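Have a look at the structure below before the remarks.
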Amino acid sequence: MFVDNLIEEISITELPNVKIGSSEDFEGGTGCTVILCEDGAPAGVDVRGGGPASRETQLLNPTMAMDKINAVVLSGGSAFGLDASGGVMSYLESKGIGFDVGVTKVPIVCQSSIFDLTVGSMKKRPNFDMAVKACENAEINMPEQGCYGAGVGATVGKVLGMDRCTKSGIGIYAAKLGGLMVGAIVVVNAFGDIFDFETGKKVAGVLNKDKTKLSKKDCQELMFEFYSNFENQIITNTTIGAVLTNANFDKTHMTKVAQMAQDGYSRSICPVHTTLGGDTIYALSLGDLKADINLVGTLSAYVTSKAIVNAIKFSKSMYGFKAVCDLL
């Protein structure tokens, strides 16, 4: 793609004011990923799925008083996994990080969770201790892709149920355009199929009956075929993520960046933004670079799509779910 000749791929750890870490319970089939901004970061969010499991997202409403956050947590565990934020708050409080209320500092932590309770053990969920471990790992600042952190229990292509889905995970991609840097971290736990937006090729989704390769029929086509009894579907999905930039914007502008970043979901996931999940993306301003918001939003959508493809590329077969690397 011609765009690749204009931008430079970089490590997401090159962005300022951010540390990223993860921890997992591989037996339980779940995990969490933390994005720490110890100096605080103006942030926005865009929620388009109908069933989000989230915490403190309302603080990112431009009309709310809080202008910066200290962390974003991406986790498994559905709504149960929201307990993980307590561990992040405790870790940051111990370092004197957060909103000063006199007697202590209150870290501002936002979180979104995917549904992975049908993977591994339903009773094992991200919790306080797992989140503290993820924060400790963030000090190393070496984020991993694939079946790590919040991506441990991620799957895609579930229109025919979990038996015919593809293993997925967490993907990361960052790019530099001149002095502007934008990166994305996405946990791809989609109901729909995944497409490489640069080629249009389906790269993950519903498997054939033998589970040897991807089904010739796309998830969308199967939905249309089953229209008469499709209402029996349940909320077992959700793609969540965050885009990070060194551009300097307030939370109102970062809300717009988050909205534009959702285009990355739309280009790479079909169907997307249904009531069967809680598709959510955060956007964080980490630096002081002056940049055009339209440029940043457009690049955010691009890196989000690239991160989604990486989530598939780096995933391995686990828990009886086949990854693309093991298909014919």
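Residues: numbered from 1 along the sequence shown. Since the model is a prediction, treat every value here as computed from it, not as a measurement.
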*Can you tell me which residue pairs pass the side-chain hydrogen bond (donor to acceptor under 3.5 Å, both in side chains) test with a partner in residues 119-132, sequence neighbours excluded?*
none
_By the side-chain hydrogen bond (donor to acceptor under 3.5 Å, both in side chains) test, which pairs, at least two apart or in different chains, include something from residues 15-31?_
Lys19-Glu139, Ser22-Glu24, Thr30-Asp116
*Electrostatic pair Glu225-Lys217, nearest N-O below 4.0 angstrom*: yes
*asked:* Please determine whether a side-chain nitrogen of the Lys or Arg among Glu198 and Lys306 lies less than 4.0 Å from a carboxylate oxygen of the Asp or Glu.
replied: yes
Would you say the side chains of [X] and [Y] form a donor-acceptor pair under 3.5 Å?
X: Ser268; Y: Ser305; answer: yes
X: Ser113; Y: Ser78; answer: no
X: Thr298; Y: Asn294; answer: no

*If we only count heavy atoms from C-beta on, is the Val257 to Thr245 side-chain gap below 4.5 Å?*
no
State the [atom1]-[atom2] distance between [X] and [Y], to the nearest 0.5 angstrom.
X: Ser85; Y: Arg55; atom1: OG; atom2: CZ; answer: 4.5 Å
X: Gln262; Y: Thr239; atom1: CD; atom2: OG1; answer: 9.5 Å
X: Ile240; Y: Gln111; atom1: CD1; atom2: CD; answer: 8.0 Å
X: Asp250; Y: Ser285; atom1: CG; atom2: OG; answer: 8.5 Å
X: Leu299; Y: Ile7; atom1: CG; atom2: CD1; answer: 6.0 Å

*Answer yes or no: are there more than 12 heavy-atom neighbours, outside Lys95 itself, under 6.0 Å from its atom NZ?*
yes
*Flag yes if more than 12 heavy atoms outside Phe80 fall under 6.0 Å of its CZ atom; otherwise flag no.*
no
*In the hydrophobic clustering (ILVMFWY, side-chain contacts below 4.5 Å, transitive), which residues join Met130, or is it alone?*
none
*asked:* Under 4.5 Å side-chain heavy-atom separation, chaining through any Ile, Leu, Val, Met, Phe, Trp or Tyr, what else clusters with Phe195? Say none if it is isolated.
replied: none
Can you list everything that forms a side-chain hydrogen bond (donor to acceptor under 3.5 Å, both in side chains) with [X]? Sequence neighbours excluded, please.
X: Asn61; value: Thr63
X: Thr252; value: none
X: Arg164; value: none

*Angle class for the Tyr302/Tyr173 ring planes (parallel below 30°, perpendicular above 60°, tilted otherwise)?*
perpendicular
Atom pairs and distances, donor-acceptor, side-chain atoms in residues 141-156, under 3.5 Å, two or more places apart:
from, atom 1, to, atom 2, distance (Å)
Asn141, OD1, Ile20, N, 2.9
Gln145, OE1, Ile172, N, 2.8
Thr155, OG1, Lys158, NZ, 3.2

_Among residues at least two apart in sequence or on other chains, which ones pass salt bridge (charged side-chain N to carboxylate O under 4.0 Å, His left out) with Asp163?_
Lys211
_Residues in ring pair (Phe, Tyr, Trp, His ring centres under 6.0 Å) contact with Phe249, at least two apart in sequence or another chain_ = His253
*asked:* If the condition is side chain to side chain contact (heavy atoms under 4.5 Å, CB included), which residues does Ser94 pass it with, not counting sequence neighbours?
replied: none
Please tabulate, for the side chains in residues 98-108, all donor-acceptor contacts under 3.5 angstrom to protein atoms that are two or more places apart in sequence or on a different chain.
from, atom 1, to, atom 2, distance (Å)
Asp100, OD1, Gly102, N, 2.9
Thr104, OG1, Glu93, OE2, 2.8
Lys105, NZ, Gly96, O, 3.4

